[in-house]
Peer 1: 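My questions all concern the structure below.
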Amino acid sequence: MTGIWGRGTPPVVIQEQDAYDADVAVIGSGAGGSTLAWALASTGARVLVVERGGFLPHEEANWSPDAVFGEGRYHNAGTWHTADGRPFTPANHYYVGGTTKVYGAALPRLRVSDFDATEQLEGTSPAWPFSYADLEPYYAEAERLYRVHGQDGADPTAPPRSEPYPHPPVPHEPVIGELAAKLTDQGLHPFPIELGIDLAARGACLRCGTCDAFPCRVDAKSDAETRALRPALRTGTVRLLTRTRAERLLTDPTGRRVTAVDAERGGRRVRIRAGTVVVSCGAINSAALLLRSGGAAHPDGLANGSGLVGRNLMVHNNSVLMAVDPRRRNPVTFQKTLAVNDFYHPLGNLQLMGKVHEAALTASHPHLPRRLLGAVAARSVDWWVMSEDLPDPDNRVLPGPDGGVILRRRPTNTRAHRGLVRGAARMMRRAGYPLVLRRRMGVEATGHQCGTTVAGLDETRSVLDPHCRSHQVRNLFVVDGGFFPSSAAVNPTLTIAAQALRTAREGGVLP
């Protein structure tokens, strides 16, 4: 017998066997898979969530910058390669809860215009096959589930809401409040970033300085395991199979239905049979799994009649900007409370990061003196600068040898990103930070991956229908960032969770 549980979750025991049966098999336990499992838990359907990793341990190292950045302790996705053979370590994490275990808990909605075709500086951002209004009720439900803190009316670009935020905004510490006032004096509209943390009365959040990019030792971060999967497991209709890697989806002779999932578990082969299969491995791994699952009926990969599986990979154009005032230290602990969207169309989003640590700078700049890097980190205010990445069919995912992944990517819409970085630098100099350092993120920044199994109305130009069902394989769904037709310029997690709820409620997942 194998006990499978997490902190605060009753044991869910699954007998070791060669085959497992369920009404719905969900491959992956990140934002898409866990949220969908939570939504199905109340239906009585037998749901089996399959996760290739295990539980991320609660340990002292969770909050150690040296362990997280210097040692890369929680990077367990192995090595991926670029198209020219260069190895790199992606920002993917294989744990129960997926990459949400270490994300920064920023949970904004997309703008209304993000669902429409919009002209960018270097191309067109395509329309989605459904509107913001179609998703809005599920945004509200996802915000309740993930305990989102925010402020109505503070962001002039924010979309309309049917309900207020479930919780008030996370307050700024004095230095960030002072910065917000200076930005307001420039005519900008800084606002409290939408955060999923347990800061309600008697909540678990300690407002520590190790949230963004760190695991949470006290389960105060609204990750997919804590907020969605654990409650689903408590119902008894949802089970979890950890350390089980899906290798291939099998179909009937017609190719119109998935009949089973072949997987590897503890060095042996197992088979998972289900009436419906939901792939939620993240946009990159989901595409790679479909491409490995070809056959006579699908010679170019499962559900790939359009030829678009794995294509149109988008990961945002991302930079880190450190604004430094050499004259004074920044004593902030919980820095990630402020965002600016005044540049959103056509440039992008600015949001504060968790405070940059000396260990993180040392890991990325190993040839510079650690003491110097520590002095810079102690005096900086740190921004994540994010611009829209446009879909390009030549930016793609390919299965690599031994189950690995190959990424072919040329950044798009870079003129907009350069403009946003310049605008952010001017903004911070005017706010009293004369030294501005910037670093463009490379191919390893895969946290916002999307677009590889695009949703649409025309099956010759898309992989999925508007509810994430495969056009070609009727009991196959793909519920992660892969369905995005465009990347927009904000964090994708809340949109993935909202679409998972919409798919579960409206998509016909259950026969």
Peer 1: Examine the side chains of Thr82 and Asp84 and answer whether a donor and an acceptor come within less than 3.5 Å of each other.
Peer 2: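 Distance-only check passes for Thr82 and Asp84.
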Peer 1: Can you give me every donor-acceptor pair (side chain of residues 192-201, partner residue at least two apart or in another chain, under 3.5 Å) with its distance?
Peer 2:
{"from": "Asp198", "atom 1": "OD1", "to": "Arg147", "atom 2": "NH1", "distance (Å)": "3.4"}
{"from": "Asp198", "atom 1": "OD2", "to": "Arg147", "atom 2": "NH1", "distance (Å)": "3.3"}
{"from": "Asp198", "atom 1": "OD2", "to": "Ala204", "atom 2": "N", "distance (Å)": "3.1"}

Peer 1: Can you find a side-chain donor-acceptor pair between Thr184 and His189 that sits under 3.5 Å?
Peer 2: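 Per modelled atom types, Thr184 and His189 side chains form no pair under 3.5 Å.
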Peer 1: Hey, does Val478 have a side-chain heavy atom less than 4.5 Å from the side chain of Phe483?
Peer 2: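 When only atoms from C-beta onward are counted, Val478 and Phe483 do not touch, as no gap falls below 4.5 Å.
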Peer 1: For a quick check under 3.5 Å, do Thr35 and Tyr146 share a side-chain donor-acceptor pair by atom type?
Peer 2: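 The criterion, which ignores hydrogens and geometry beyond distance, is satisfied for Tyr146 and Thr35.
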Peer 1: Val279 and Ser286: which non-hydrogen atoms are nearest, and at how many Å?
Peer 2: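 Nearest pair, atom of Val279 first, then Ser286: CG1-OG, 3.2 Å.
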Peer 1: What are the two closest non-hydrogen atoms of Pro326 and Pro434, and how far apart are they?
Peer 2: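 For Pro326 and Pro434, the tightest heavy-atom pair comes out as CD-CG, 3.9 Å.
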Peer 1: Indicate whether the side chain of Glu51 and that of Thr242 have a donor and an acceptor atom separated by less than 3.5 Å.
Peer 2: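 There is no such pair (donor and acceptor under 3.5 Å, judged by atom type) between the side chains of Glu51 and Thr242.
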Peer 1: Less than 4.5 Å apart, side chain to side chain, heavy atoms only: is that true for Ile406 and Trp80?
Peer 2: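 Not touching, per the 4.5 Å side-chain cut-off.
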Peer 1: With rounding to the nearest 0.5 Å, note down the distance linking CE in Met427 to OH in Tyr433.
Peer 2: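 Nearest 0.5 Å value for the CE-OH distance: 10.5 Å.
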Peer 1: If we ignore hydrogens and angles and just use 3.5 Å, is the side chain of Asn76 paired with the main-chain N or O of Tyr94 as donor and acceptor?
Peer 2: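 Judged by distance alone, yes, a pair lies under 3.5 Å.
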Peer 1: Centre of Tyr165's six-membered ring, under 6.0 Å away, within 45 degrees of the axis: is that where NZ or CZ of Arg161 sits?
Peer 2: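 Yes, Arg161 and Tyr165 form such a contact.
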Peer 1: Locate the shortest heavy-atom distance separating Val26 from Gly33; write the atom from each residue and the value.
Peer 2: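 Shortest heavy-atom contact: CG1-CA, 3.5 Å.
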Peer 1: Could you check whether His172 and Thr337, counting side-chain N and O atoms only, form a donor-acceptor pair closer than 3.5 Å?
Peer 2: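 Yes, His172 and Thr337 have a side-chain donor paired with an acceptor closer than 3.5 Å.
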Peer 1: Testing the 3.5 Å rule here: is there a donor-acceptor pair between the side chains of Tyr95 and Asp223?
Peer 2: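 Result is no, nothing qualifies.
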Peer 1: CZ of Arg311 to CG of Leu398: how many Å apart, nearest 0.5 Å?
Peer 2: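 Separation between the atoms: 8.0 Å.
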Peer 1: Please assess Phe334 against Cys208 for the test side chain to side chain contact (heavy atoms under 4.5 Å, CB included), listing each intermediate value before the final yes or no.
Peer 2: CA-CA 6 Å; Phe334 195 98; Cys208 68; 6.0 Å; no
Peer 1: Decide side-chain hydrogen bond (donor to acceptor under 3.5 Å, both in side chains) for His345 and Ser113; before the verdict, give the C-alpha distance in whole Å, the side-chain angles of both, and the deciding distance to 0.1 Å.
Peer 2: CA-CA 9 Å; His345 284 305; Ser113 59; 2.7 Å; yes
Peer 1: Could you walk me through whether Arg396 and Thr452 pass the side chain to side chain contact (heavy atoms under 4.5 Å, CB included) check?
Peer 2: CA-CA 7 Å; Arg396 62 186 303 195; Thr452 58; over 6 Å; no
Peer 1: Between Thr124 and Glu119, is there a side-chain donor-acceptor contact under 3.5 Å, judged purely by atom types and distance?
Peer 2: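 The answer is yes; a qualifying pair exists.
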Peer 1: Strictly by modelled atom types, are Ser64 and Asp66 linked by a side-chain donor-acceptor pair under 3.5 Å?
Peer 2: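 No pair is found: no donor N or O on one side chain lies under 3.5 Å from an acceptor on the other.
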Peer 1: So does Arg461 have more than 12 non-hydrogen atoms from other groups sitting under 6.0 Å from CZ?
Peer 2: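 For Arg461, atom CZ is not crowded (no more than 12 foreign heavy atoms under 6.0 Å).
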Peer 1: Check Asp480 against Ile496 and note the closest heavy-atom contact, atom names and distance.
Peer 2: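 Heavy-atom minimum between the residues: CA-CG2, 4.0 Å.
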Peer 1: Less than 3.5 Å apart, any donor N or O on the side chain of Ser487 or His448 sitting next to an acceptor on the other?
Peer 2: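 Side-chain D/A pair, Ser487 to His448: absent.
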Peer 1: Can you tell me if Asn349 and Gln351 form a side-chain donor-acceptor pair at under 3.5 Å?
Peer 2: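 Indeed, the side chains of Asn349 and Gln351 share at least one donor-acceptor pair under 3.5 Å.
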Peer 1: Please step through salt bridge (Lys or Arg N to Asp or Glu O under 4.0 Å) for the pair Arg410 and Asp392, ending with a clear verdict.
Peer 2: CA-CA 9 Å; Arg410 178 185 61 83; Asp392 180 339; 3.0 Å; yes
Peer 1: State which residue, out of Arg409, His316, Gln449, fulfils the side chain to side chain donor-acceptor pair (under 3.5 Å) condition with Asp389.
Peer 2: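 When Arg409, His316, Gln449 are each tested with Asp389, the side chain to side chain donor-acceptor pair (under 3.5 Å) holds only for Arg409.
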Peer 1: Compute both the distance and the angle, then confirm whether Arg109 meets the cation-pi test with Tyr132: under 6.0 Å from the six-membered ring centre, within 45 degrees of the axis.
Peer 2: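 No, a cation-pi geometry is absent between Arg109 and Tyr132.
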Peer 1: Could you tell me the separation between the OG atom of Ser162 and the OH atom of Tyr139, rounded to the nearest 0.5 Å?
Peer 2: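 Answer for the OG-OH pair, Ser162 versus Tyr139, is 12.5 Å.
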Peer 1: What are the two closest non-hydrogen atoms of Ser29 and Gly97, and how far apart are they?
Peer 2: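 Distance-wise, the nearest heavy atoms are OG-N, 3.0 Å.
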Peer 1: Give the ring-plane orientation class for His167 versus His149, where under 30° counts as parallel, over 60° as perpendicular and anything between as tilted.
Peer 2: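 Parallel: the ring planes of His167 and His149 meet at under 30°.
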Peer 1: Once side-chain contact (heavy atoms from CB on, under 4.5 Å) is applied, do any residues pair with Glu163, and if so which ones, sequence neighbours excluded?
Peer 2: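 Result, side-chain contact (heavy atoms from CB on, under 4.5 Å) vs Glu163: Ala140, Arg144.
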Peer 1: Examine Phe214 together with Phe69 and report whether their ring centres are nearer than 6.0 Å.
Peer 2: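 Between Phe69 and Phe214, which both carry aromatic rings, the centre distance is below 6.0 Å.
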Peer 1: Quick one: pull up CD in Glu122 and OG1 in Thr414 and give me the separation to the nearest 0.5 Å.
Peer 2: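 The OG1 atom of Thr414 is 4.5 Å from CD of Glu122, to the nearest 0.5 Å.
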Peer 1: Could you give the distance from SG (Cys216) to NE2 (His58), rounded to the nearest 0.5 Å?
Peer 2: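 Spacing of SG (Cys216) from NE2 (His58) equals 7.0 Å.
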Peer 1: Using a 4.5 Å cut-off on heavy atoms from C-beta on, say whether the side chain of Val278 contacts that of Ile27.
Peer 2: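 Ile27 does not reach Val278 side chain to side chain.
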Peer 1: Is Leu229 close to Val49 at the side-chain level, that is, under 4.5 Å between some pair of heavy atoms?
Peer 2: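 Yes, side chains in contact.
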Peer 1: May I ask you to test the Asn62-Thr210 pair for a side-chain heavy-atom distance under 4.5 Å?
Peer 2: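 No, too far: nothing below the 4.5 Å cut-off.
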Peer 1: Would Arg502 and Glu141 pass as an ion pair if we require N to O under 4.0 Å?
Peer 2: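 So Arg502 does not pair with Glu141 through a salt bridge.
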Peer 1: Pair up each side-chain donor or acceptor in residues 374-385 with any protein partner under 3.5 Å, not counting sequence neighbours, and list the distances.
Peer 2:
{"from": "Arg379", "atom 1": "NH1", "to": "Ala375", "atom 2": "O", "distance (Å)": "3.1"}
{"from": "Ser380", "atom 1": "OG", "to": "Lys355", "atom 2": "NZ", "distance (Å)": "2.9"}
{"from": "Ser380", "atom 1": "OG", "to": "Ala377", "atom 2": "O", "distance (Å)": "3.4"}
{"from": "Ser380", "atom 1": "OG", "to": "Asp382", "atom 2": "OD1", "distance (Å)": "2.6"}
{"from": "Asp382", "atom 1": "OD2", "to": "Gln335", "atom 2": "NE2", "distance (Å)": "3.2"}
{"from": "Asp382", "atom 1": "OD2", "to": "Lys355", "atom 2": "NZ", "distance (Å)": "2.8"}
{"from": "Asp382", "atom 1": "OD2", "to": "Val356", "atom 2": "N", "distance (Å)": "3.1"}
{"from": "Trp384", "atom 1": "NE1", "to": "Asn318", "atom 2": "OD1", "distance (Å)": "3.3"}

Peer 1: Could you walk me through whether Asp212 and Lys221 pass the salt bridge (Lys or Arg N to Asp or Glu O under 4.0 Å) test, one step at a time?
Peer 2: CA-CA 10 Å; Asp212 196 354; Lys221 186 187 295 187; over 6 Å; no
Peer 1: Pro391 versus Pro485: any side-chain heavy-atom pair under 4.5 Å?
Peer 2: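 Of all side-chain heavy-atom pairs linking Pro485 with Pro391, none is under 4.5 Å.
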Peer 1: For a salt bridge (Lys or Arg N to Asp or Glu O under 4.0 Å) check, start with the C-alpha distance between Glu178 and Arg328, then their side-chain angles and the critical distance, and finish with the verdict.
Peer 2: CA-CA 14 Å; Glu178 177 187 327; Arg328 61 174 185 165; 3.2 Å; yes
Peer 1: Judged by modelled atom types alone, do Arg440 and Asn317 share a side-chain donor-acceptor pair under 3.5 Å?
Peer 2: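 Yes, side-chain donor-acceptor contact under 3.5 Å.
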Peer 1: Looking at every heavy atom in both Pro366 and Ala363, which two are closest together, and how far apart are they?
Peer 2: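 Nearest heavy atoms, Pro366 then Ala363: CD-O, 3.9 Å.
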Peer 1: Using only heavy-atom distances, determine whether the side chains of Asn92 and Thr446 contain a donor-acceptor pair under 3.5 Å.
Peer 2: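 Per modelled atom types, Asn92 and Thr446 side chains form a pair under 3.5 Å.
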Peer 1: Without hydrogens or angle criteria, can the side chains of Glu388 and Ser125 be said to hold a donor-acceptor pair below 3.5 Å?
Peer 2: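 Indeed, the side chains of Glu388 and Ser125 share at least one donor-acceptor pair under 3.5 Å.
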Peer 1: Any chance the side chains of Ser319 and Arg438 put a donor and an acceptor closer than 3.5 Å?
Peer 2: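 No, because no side-chain N or O of Ser319 sits under 3.5 Å from a partner of the opposite role on Arg438.
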Peer 1: Any non-hydrogen side-chain atom of Asn491 less than 4.5 Å from a side-chain atom of Leu107?
Peer 2: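 No, too far: nothing below the 4.5 Å cut-off.
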Peer 1: Taking the side chain as every heavy atom from C-beta outward, state whether Arg207 and Val170 have any atom pair closer than 4.5 Å.
Peer 2: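 Heavy-atom side-chain distance check passes, below 4.5 Å.
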Peer 1: Cut-off 3.5 Å, side chains only: do Tyr344 and Asp114 have a donor facing an acceptor?
Peer 2: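 Their side chains do contain a donor-acceptor pair, which is all the 3.5 Å distance test asks for.
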Peer 1: Is the closest basic N to carboxylate O distance between Asp185 and Arg430 below 4.0 Å?
Peer 2: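 Not counted as a salt bridge, because no side-chain N and carboxylate O are separated by less than 4.0 Å.
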